[in-house]
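Naming: A, B, ... by sequence-line order, numbering from 1 per chain.
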Number of protein chains: 2
Amino acid sequence: MSDDPPNDAAAADKISFRDVKAEIRRRIERRIWGPGELVPGEIELAEEFGCARATVNRAMRELTEEGLLDRKRKAGTRVRITPIRQARFEIPLVRAEIESAGANYRYALLSREVLPAPAWLCARLGLTPGAPALHLVCLHSADGAPYQHEDRWINLAALPQAEAADFSTQGPNEWLVEAVPYSEVEISFLASAAPADVAVVLGMEPGEPTFTAERATWWQGQPITQVRLCFAKGYRMTTRY
Amino acid sequence: MSDDPPNDAAAADKISFRDVKAEIRRRIERRIWGPGELVPGEIELAEEFGCARATVNRAMRELTEEGLLDRKRKAGTRVRITPIRQARFEIPLVRAEIESAGANYRYALLSREVLPAPAWLCARLGLTPGAPALHLVCLHSADGAPYQHEDRWINLAALPQAEAADFSTQGPNEWLVEAVPYSEVEISFLASAAPADVAVVLGMEPGEPTFTAERATWWQGQPITQVRLCFAKGYRMTTRY
DNA sequence: GAGTGGTCTAGACCACCCT
DNA sequence: GGGTGGTCTAGACCACTCA
């Protein structure tokens with residue numbers, strides 16, 4: 001009862017945009033504001049909550065980003081009829097993914113060759129036919145168990161220094177992150193049948209389903225690399241929202 | 001030459017947080033500010049750009065969210081050593097996904113039964129054993145071709161009105177979005193071998209790889225539904241970032 | 001045309017946390 | 001301890017778009 005400490009929820013010091021956000025979210029979830037319904041304007045809400053309009057604005061802006069609201073000038077703000085469900089996945093380096101699971105990471109280079117880029121790769125990345133490419137095949141393991149098979153092509157025209165790089169101890173992924181960070185990426189996830197060579201390495205039967213990621217990367221419009229990652233049996237990509 | 005229209009890029013009216021964001025991003029991409037490096041403080045940048053600190057703040061806050069920067073009070077702002085690569089996927093209703101591809105959507109209910117929830121389901125959702133559940137199997141087609149097989153369980157203890165709902169023309173997904181919007185979701189993606197019944201429906205061989213999503217849903221802490229979605233051959237989930 | 005959201009500003013206070 | 005980011009405020013102007 002002494003003086004009130006600034007820690008508990010009851011202390012109504014100043015309204016944060018988080019408070020506003022939470023309250024608005026509550027009203028949507030409890031259907032106080034039903035789907036498709038027009039919600040009060042920023043000024044009105046600012047008065048109700050006793051805060052500045054900017055505070056309400058930030059709250060509603062973030063809720064819009066999260067797919068709960070739909071805002072239009074003049075028309076006002078509405079609760080989305082169908083909330084946009086979106087999930088965010090982090091795309092970690094394999095090493096980080098394995099180590100953060102508390103397992104021991106190991107990397108092995110299975111093959112390396114310099115070839116003219118095959119036709120499908122040129123089509124995929126927009127390469128000039130016959131451009132020199134570095135083809136790498138690698139295995140990433142967790143606690144000694146195969147975890148991910150990596151089949152990578154690097155455009156040597158754009159990244160000639162890759163030819164001199166030593167990929168026997170460092171994975172191409174980590175090398176590339178250092179050499180060409182902040183690039184533009186297209187990524188796909190699919191289920192594929194493990195080709196024989198991949199299956200052998202991952203300890204599966206050929207044709208068994210393998211969770212697969214395909215990633216193509218550009219840097220300032222220039223094609224850099226394309227990779228197919230096949231995960232060992234039982235892999236799942238999970239998230240909450 | 002009359003008066004200057006406010007349309008072209010050269011018109012330097014007022015600095016937007018977008019401008020600041022783009023410029024900072026440019027400096028990071030071009031390694032003017034290298035990985036791990038400390039970048040100037042908000043006040044300094046605000047002076048450089050000739051704008052308010054709040055403007056710089058918003059720019060840097062968003063770049064932090066996008067995984068390019070790392071901010072700590074007192075320590076200042078640094079370029080992330082390894083940028084966090086993250087991808088955002090929208091989780092659309094199948095119907096929307098199919099129709100937005102310009103195809104004709106069709107829905108069919110394959111089976112429906114009320115059962116006590118099986119043990120695995122209770123474990124997954126945290127249900128009391130023996131709770132009544134509605135089990136639905138459906139098929140979603142695009143232009144007459146099978147697209148997605150849906151195997152769903154609904155917790156009737158939480159959603160008794162589901163038992164009376166007519167799922168012969170409307171998919172459970174759409175019904176649930178109306179009945180229980182804004183719920184909490186855990187979703188996984190994996191590659192699985194198509195079970196015989198699924199394979200038949202999707203026109204695949206049993207055991208063939210199928211891209212699979214598993215989704216569990218709660219509402220205010222209460223388990224609502226669990227679904228396994230198997231996609232037809234060739235499905236990919238793609239995004240750019 | 002007018003109302004709503006979108007953004008910028010200038011100033012202020014605070015919390016956190018490195019040196 | 002002090003510097004940095006985090007946030008709120010009050011006011012202002014603008015752009016879009018609906019009626």
Quick note, salt bridge (charged side-chain N to carboxylate O under 4.0 Å, His left out) partners involving residues 162-176 of chain A, not counting sequence neighbours, are A/Arg95-A/Glu174
Under 6.0 Å between ring centres: does that hold for A/Phe89 and B/Phe89? yes
Could you pull out all residues at least two apart from A/Phe49 that satisfy ring-ring contact (aromatic ring centres under 6.0 Å, His included)? none
Using a 4.0 Å heavy-atom cut-off, write out nucleotides 3-9 of chain C from 5' to 3' as B (base contacted by protein), S (sugar-phosphate only) or - (no contact). BBBBBSB
Testing A/Arg85, A/Arg25, A/Gln86 for side-chain hydrogen bond (donor to acceptor under 3.5 Å, both in side chains) with A/Glu66, which one passes? A/Arg25
Applying ring-ring contact (aromatic ring centres under 6.0 Å, His included), can you list everything that pairs with A/Tyr147, at least two apart in sequence or on another chain? none
Does any residue of residues 62-69 of chain B have a heavy atom under 4.0 Å from DNA chain D, and if so, which ones, in number order? none
Between B/Thr225 and B/Arg152, is there a side-chain donor-acceptor contact under 3.5 Å, judged purely by atom types and distance? yes
With B/Glu48 via side-chain hydrogen bond (donor to acceptor under 3.5 Å, both in side chains) - residues at least two apart: B/Arg27
